[in-house]
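Here is the structure we will look at.
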Amino acid sequence: MFFIFCPLLNLGHALKRGIIRRRMNDKFLKPYNPAGTESRIYDLWEKSGYFNPDNLPARHKNPFCIVLPPPNATGTLHIGGSLMTVIQDIIVRYKRMVGFKTLWLPGTDHAAIATNAKVEKILYKEEGKSRHDIGREDFVAKVEKFVEENRGALRHQISKMGTSLDWSREAFTFDEKRNLAVRTAFKKMYDAGLIYRGTRIINWDPKGQTTISDDEIVYEEREAKLYTFKYSSDFPIAISTTRPETKLGDTAVAVHPDDERYKKFVGQTFKVNFAGAELQIKVVADESVDMEFGTGALGVTPAHSSLDAEIAKRHNLPSIQVINEYAKISLPIPGLEGEKTISAREKIVDWLKKEGLLIAEENIVQNISTAERTGGIIEPLPKLQWFVDVNKKVSERKNKSLKELMYNAVASGEIKILPERFDKEYFNWINNLHDWNISRQLWYGHRIPVWYRENDTYVGVDKPAGDGWVQDEDTLDTWFSSGLWTFSALGWPEKTPDLETYHPTDILETGYDIIFFWVARMILMSEFILGEIPFRTVYLHGLVRNERGEKLSKSLGDNIDPVSIGEQYGTDALRMALIVGVGPGSDSKLGNDKLKAYKNFANKVWNIARYVLSQENQGELKKELVEEFDTMAKDITVDMDNFRFYLAAEKIYHYIWHRLADEILEESKKDPSLLPTTYYLLQNSLKLLHPFMPFITEEIWSELPIKNKKMLMIENWPFDSAQGKPV
RNA sequence: GCGGGCUUAGCUCAGUUGGUUAGAGCGGCUGUUUUACACACAGUAGGCCGGGGGUUCGAAUCCCUCAGCCCGCACCA
């Protein structure tokens with residue numbers, strides 16, 4: 001038997017090899033076809049199970065973790081989102097190859113305010129109705145349906161980028177577990193005295209019908225008129241304002257204590273009739289008044305300006321609300337009640353002119369506050385809301401306030417922000433930080449875990465026992481749940497093995513535009529709730545702009561769809577085009593030239609493989625060429641370890657094309673003794689290139705004649721930076 | 001008002017801690033349709049590294065200053 005089988009076996013081997021070679025050559029005869037390759041390769045990766053760190057081979061011991069900044073469930077992945085996934089996938093694939101037990105955890109964000117706004121828009125467009133027309137329950141159901149549809153599409157788009165995410169751990173900021181995390185966090189903060197309810201001047205968005213935080217305000221410069229006038233002919237002091245309609249709620253005029261012009265009036269109260277409103281105006285002296293501005297006297301409107309509210313508090317002045325939630329006059333004054341602020345302003349200016357009270361009218365440029373999501377003009381209003389106290393000292397955190405905890409995490413160097421210049425912006429933001437308004441009058445979002453019954457208030461993780469408890473109507477700022485993301489995604493408040501293993505996470509990679517919204521809030525939450533940092537390094541990427549350098553905006557219709565670009569040029573090419581030459585924090589431009597260049601590069605790599613694999617590959621290696629490669633591999637490894645992916649990508653590109661292909665391969669045509677070396681160099685170059693161009697490298701790798709071959713995605717990185725030598 | 005960034009080849013941008021003749025992609029020009037690749041190859045032109053001053057043996061790189069563009073925060077009566 002043995003005697004007969006042996007030659008047969010050999011023949012079988014030879015035949016098999018011949019078949020493999022012929023099949024391979026067929027594939028390699030045509031230019032690289034990403035469309036036909038990418039989904040097949042992605043399936044292979046998923047089936048391998050290696051996206052899940054639990055399935056990685058034994059050498060992957062030390063944990064490494066990135067949580068994906070969850071894209072908004074409102075819509076489709078935009079090009080900025082794909083830049084984010086590409087940078088992270090590069091890091092994660094590199095770390096996995098190096099030998100870390102690598103977890104990259106995916107998720108989506110319910111993005112309360114954005115999703116509300118989006119569905120409200122759709123509802124209005126399709127049915128001509130507002131959310132109030134259909135009611136809370138129906139509206140929330142509509143939003144949930146919308147979100148579910150979008151989440152599936154998002155998952156598909158994200159995986160199209162080649163992302164090696166562990167989908168088995170996917171989380172959603174508004175699923176059961178995350179909702180429990182939010183309620184638990186709220187309760188914990190409330191108990192520590194960090195969350196309180198109070199009436200403050202808040203930013204009201206009349207368009208979105210909700211309060212928003214200071215960070216959700218976008219300032220726009222607009223032309224405005226500054227009016228100088230007296231309330232009435234018998235009032236001694238003139239004041240200036242751009243908003244005469246708010247003056248219906250004035251209760252004082254504030255002057256500087258050193259202002260000689262007005263000293264004699266300080267302490268006096270005047271009764272005036274201002275445009276139909278009976279006002280009692282007290283003259284007070286306050287340091288905050290700028291003597292140089294306008295008349296040096298400030299009409300104090302405690303209900304509609306936070307600065308004025310502070311003055312009012314110091315001088316114990318009453319507050320009269322003039323404007324309601326619909327940005328209309330709420331005072332019962334004939335001719336003004338129910339008027340929009342702008343028309344009320346015109347009427348009052350007319351009245352001032354008629355009465356001869358208007359002293360001056362000048363054009364100025366003013367910063368106007370608008371709501372980031374809806375564009376509505378912000379109306380400062382007094383309202384009962386929930387806040388996070390950022391200045392209160394927390395006993396269980398060494399008597400530090402949230403501000404201090406946030407500040408120290410970065411100032412101590414425990415958290416490193418890249419690029420470093422964002423440190424200053426971060427510190428500056430903290431120094432100007434006020435209490436965080438976390439309640440929203442939106443319907444979709446985490447409901448505030450507070451219940452009321454008559455005069456009782458209950459704050460807890462679950463509804464209290466007994467009848468008659470009514471839950472607070474408001475929902476939480478979406479960034480409240482986002483702030484918990486690094487640990488809620490890992491299973492907190494449950495003490496999960498994942499939480500134990502992977503928190504603090506290693507890198508937080510996101511756009512610099514949400515450093516305050518999100519990065520700072522995550523530090524706040526993690527520092528208070530867990531008493532540790534949420535991540536060690538923050539890597540901030542910039543905006544992707546179009547070829548003309550303009551900011552991409554969906555409304556202008558020039559949004560670049562990453563999936564269709566991937567289909568057109570290949571995802572590997574898109575990844576390179578997004579990453580090469582783009583350092584942290586700097587904006588980049590994506591144009592066809594760049595995409596074409598890397599599509600060509602993919603084809604180049606393809607043809608190198610085709611040529612090398614058609615040649616002899618057994619034999620001695622040329623020592624100098626191996627050493628040269630090792631030097632480059634070391635250089636690239638140092639770049640990778642120092643977050644210079646943009647340089648590393650360029651270096652491997654340059655080596656493969658202009659050194660390996662143009663010089664070494666050409667030389668090997670004259671000197672066939674180099675052929676085994678070219679095979680060796682190709683093999684190792686594929687490893688270095690894999691984090692950047694995972695699809696084509698894995699595809700070529702699958703054709704290499706290696707015994708007991710592993711997938712390229714878990715191959716050893718060719719340089720060991722810990723040992724300082726080639727692997 | 002406070003803080004930050006950018007200005008390098010025709011275009012878009014790299015240039016890591018100061019160190020030989022400053023790089024890439026695209027574009028231009030001249031060749032090559034050679035059996036890995038025309039999605040290619042060989043070659044070539046093109047830069048007082050925004051202006052000025054300083055430190056240094058040496059500056060695109062560090063310091064000062066001026067100009068233009070951009071961004072964040074604050075003010076906004």
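Sequence lines set the chain letters: A, B, ... in the order given, protein chains first and strands last, and positions in each chain run from 1.
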Margin query: Please determine whether a side-chain nitrogen or oxygen atom of K424(A) lies at a distance below 4.0 Å from atom OP1 or OP2 of rG3(B).
Written below: no
Notebook entry, point to check: Would you say a side-chain N or O of W657(A) is under 4.0 Å from OP1 or OP2 of rC41(B)?
Noted result: yes
Margin query: Both distances below 3.5 Å, Watson-Crick or wobble geometry, any strand: find the nucleotide opposite rU12(B).
Written below: rA24(B)
Note to self: Just to verify, which of W518(A), W429(A), W436(A) counts as forming a side-chain hydrogen bond (donor to acceptor under 3.5 Å, both in side chains) with D215(A)?
What the structure shows: W429(A)
Notebook entry, point to check: Which nucleotide in the list rG25(B), rA77(B), rA74(B) gets nearest to the side chain of Y653(A)?
Noted result: rG25(B)
Next item on the list: Classify the side chain of E292(A) and the base of rA77(B) as holding, or not holding, a donor-acceptor pair under 3.5 Å.
Entry: no
Note to self: Any side-chain N or O of N600(A) below 4.0 angstrom from OP1/OP2 of rA40(B)?
What the structure shows: yes
Item checked: Check: K604(A) side chain, rC39(B) base, donor-acceptor under 3.5 Å -> no
Notebook entry, point to check: Should E310(A) and K313(A) count as an ion pair when the cut-off is N to O under 4.0 Å?
Noted result: no
Item checked: Pairing nucleotide - rC2(B), Watson-Crick or G-U, each distance under 3.5 Å -> rG72(B)
Note to self: Does rG15(B) have its OP1 or OP2 closer than 4.0 Å to a side-chain nitrogen or oxygen of Y646(A)?
What the structure shows: yes
Next item on the list: Hunt down the Watson-Crick or G-U wobble partner of rC41(B), both distances under 3.5 Å, from any strand shown, or write none.
Entry: rG31(B)
Notebook entry, point to check: Does rA40(B) have OP1 or OP2 sitting under 4.0 Å from an N or O in the side chain of H658(A)?
Noted result: no
Notebook entry, point to check: Does any donor-acceptor pair link the side chain of K669(A) with the base of rA36(B) at a separation under 3.5 Å?
Noted result: yes
Next item on the list: Give a yes/no on whether any side-chain N or O of Q366(A) is located under 4.0 angstrom from OP1 or OP2 of rC75(B).
Entry: no
Next item on the list: Using the P atoms only, state how far rC11(B) lies from rU17(B), rounded to an integer number of Å.
Entry: 28 Å
Check: Considering only rG25(B), rA36(B), rC39(B), which nucleotide approaches the side chain of N603(A) most closely?
Finding: rC39(B)
Item checked: C1' gap between rG15(B) and rC71(B), integer Å -> 23 Å
